[in-house]
Amino acid sequence: MAKWDNMLAILWMLKSRKKLTAAQIADQLEISVRTVYRYIDALSVSGVPIVADSGHDGGFYILETFKETPLFFRSVELKAIVDASKFAKGVGYPYTDELEQALEKIEHSLNEEQMLDLQRLTSGFSVISSASHPGIVPMLRQLEQAILDGQTLLIAYRKENSDSAKDRSIDPYGLTLRRNEWYLIAFCHQSSEIRTFRVDRIESVFRTEAFFTTPENFSTEDYFREQSHKEREAEGPMVLIRIEGDTRSLDAICSHWHMHHYLTERTDAEARFLIDTPTIDKYLPRYLLTFGTSIRVLEPIALKNQIKAMACQIAELYAEDEN
């Protein structure tokens with residue numbers, strides 16, 4: 001552990017306990033007692049009121065009057081914060097500017113040695129931002145504020161493959177990021193049920209004078225799980241699906257908003273799912289065919305035959321063009 005990490009660890013140890021001996025601190029941090037004394041001296045010089053009691057019940061402790069403790073981070077914690085900010089920027093997090101300001105405040109509190117250490121730890125990690133609609137950030141801010149305020153919204157929403165947007169009165173419950181797209185989960189007054197809206201298809205947002213109460217314990221994750229269950233074609237026996245393929249293709253299948261609820265086991269080379277037969281027949285062959293030769297269905301045989309028949313139909317279609 002680096003010098004500054006050890007010093008911060010000692011500070012938090014002393015704040016969380018009434019009294020500790022140098023030997024106890026050295027044992028926990030796996031450093032020498034002599035080094036502990038050196039770090040204690042450095043903390044005292046920096047203004048931390050550490051008191052040393054001698055005798056049988058002696059040890060180090062911090063005066064109770066020391067309430068306003070500076071916010072310290074270990075090197076790995078700082079790295080985690082910086083790396084997380086890169087992810088946030090990459091997905092269009094609506095409070096990127098505020099995040100930058102917070103990071104600047106943290107960095108200003110670091111000395112030169114800590115800054116160099118942080119740059120070294122974070123220089124090898126980057127996130128490539130995906131292109132997003134230019135209005136997505138202010139839109140996300142408006143929606144999140146309406147969620148917090150419990151305020152009904154009037155939105156102009158354009159469905160996929162639609163040329164024009166239609167007005168919807170909604171009670172926004174939650175935002176979620178799925179497969180690099182932002183979604184709003186909201187109660188739609190027109191349909192009288194909870195619906196999912198892709199944020200980049202919302203063309204305008206207007207606040208109304210009406211307010212609502214979000215259902216108790218509402219969870220976007222639970223909502224998507226329930227939707228997947230509802231979209232099953234039938235109740236009944238579940239069939240084991242075994243798919244092998246390259247890691248990237250299996251990742252895409254396992255993270256699919258509908259498929260990942262049926263996932264039962266995953267290895268580097270194989271994924272297993274339990275799905276009812278009607279759902280398999282309706283959705284799975286066409287979806288899995290899009291992965292081409294990067295995956296291979298191991299079982300059931302019926303699914304393999306469906307994909308084979310569909311591929312043959314496509315091959316015959318293009319063979320006719322050559323004649």
Side-chain angles (χ1 to χ4, degrees), residues 83-84 86-93 124-133 136 159-161 176-183 196-201 220-221 223-234 236-323:
D83 289 348
K86 295 177 182 178
F87 275 113
K89 295 174 188 176
V91 298
Y93 178 63
F125 183 87
S126 63
V127 175
I128 299 176
S129 302
S130 56
S132 59
H133 190 279
I136 195 75
K159 286 186 175 181
E160 186 177 10
N161 300 322
T176 186
L177 180 72
R178 300 179 67 86
R179 303 187 71 185
N180 293 321
E181 295 290 351
W182 285 96
Y183 292 89
T196 303
F197 301 91
R198 236 176 73 170
V199 175
D200 63 328
R201 293 180 185 154
T220 55
E221 179 65 24
Y223 170 78
F224 276 108
R225 184 180 297 108
E226 290 171 5
Q227 287 302 108
S228 292
H229 181 75
K230 289 178 181 178
E231 291 187 11
R232 284 180 52 188
E233 292 299 307
M238 307 293 276
V239 177
L240 174 65
I241 308 293
R242 291 179 57 214
I243 303 172
E244 69 174 7
D246 61 62
T247 302
R248 186 173 182 179
S249 297
L250 290 180
D251 286 344
I253 295 173
C254 293
S255 63
H256 184 273
W257 73 273
H258 189 60
M259 292 291 292
H260 87 276
H261 294 299
Y262 299 117
L263 181 66
T264 61
E265 186 178 348
R266 169 67 196 277
T267 66
D268 290 339
E270 183 180 328
R272 298 187 178 194
F273 306 84
L274 280 177
I275 310 178
D276 60 280
T277 301
T279 299
I280 294 173
D281 293 341
K282 185 172 182 178
Y283 298 109
L284 214 50
R286 185 177 295 103
Y287 173 63
L288 295 180
L289 188 63
T290 63
F291 290 91
T293 58
S294 64
I295 65 167
R296 182 170 177 266
V297 174
L298 300 178
E299 59 178 290
I301 295 177
L303 179 58
K304 295 172 65 174
N305 290 337
Q306 286 175 301
I307 296 175
K308 185 191 301 182
M310 194 173 292
C312 288
Q313 292 176 357
I314 295 173
E316 291 173 1
L317 176 64
Y318 285 99
E320 293 175 0
D321 293 342
E322 297 175 358
N323 297 329

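Keep in mind that what you see is a predicted model, and the values were worked out from it rather than measured.
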Under the side chain to side chain contact (heavy atoms under 4.5 Å, CB included) criterion, do L177 and W182 qualify, and how do the steps go? CA-CA 5 Å; L177 180 72; W182 285 96; 3.7 Å; yes
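- Atom CG of residue L250 and atom OG of residue S255 lie 10.5 Å apart, to the nearest 0.5 angstrom.
- Annotation for I301: atom CD1 does not count as buried by contact number, only 12 or fewer foreign heavy atoms lying within 6.0 Å.
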Before giving the answer on side chain to side chain contact (heavy atoms under 4.5 Å, CB included), spell out for L298 and R272 the whole-Å C-alpha distance, their side-chain angles and the decisive distance to 0.1 Å. CA-CA 10 Å; L298 300 178; R272 298 187 178 194; over 6 Å; no
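- In this structure, OG1 in T264 is found 11.0 Å from CZ in R242, a value given to the nearest 0.5 Å.
- The shortest heavy-atom contact between E299 and K304 is N-CD, 4.4 Å.
- Checking side-chain atoms of T176 against main-chain N and O of Y183 turns up no donor-acceptor pair under 3.5 Å.
- S249 places no side-chain N or O within donor-acceptor distance of the main-chain N or O of D246, the cut-off being under 3.5 Å.
- Side-chain contact between H256 and L263 is absent, with no heavy-atom pair separated by less than 4.5 Å.
- With values rounded to the nearest 0.5 angstrom, L303 atom CG is found 7.0 Å from I243 atom CD1.
- We find the CE-OH distance between M259 and Y287 to be 6.5 Å, quoted to the nearest 0.5 Å.
- The structure places CG of L289 at 11.0 Å from CG of L284, a figure rounded to the nearest 0.5 Å.
- Taking CD1 of I253 as the reference point, atom CD1 of I295 lies at 4.0 Å (rounded to 0.5 Å).
- Side-chain contact between L274 and I241 is absent, with no heavy-atom pair separated by less than 4.5 Å.
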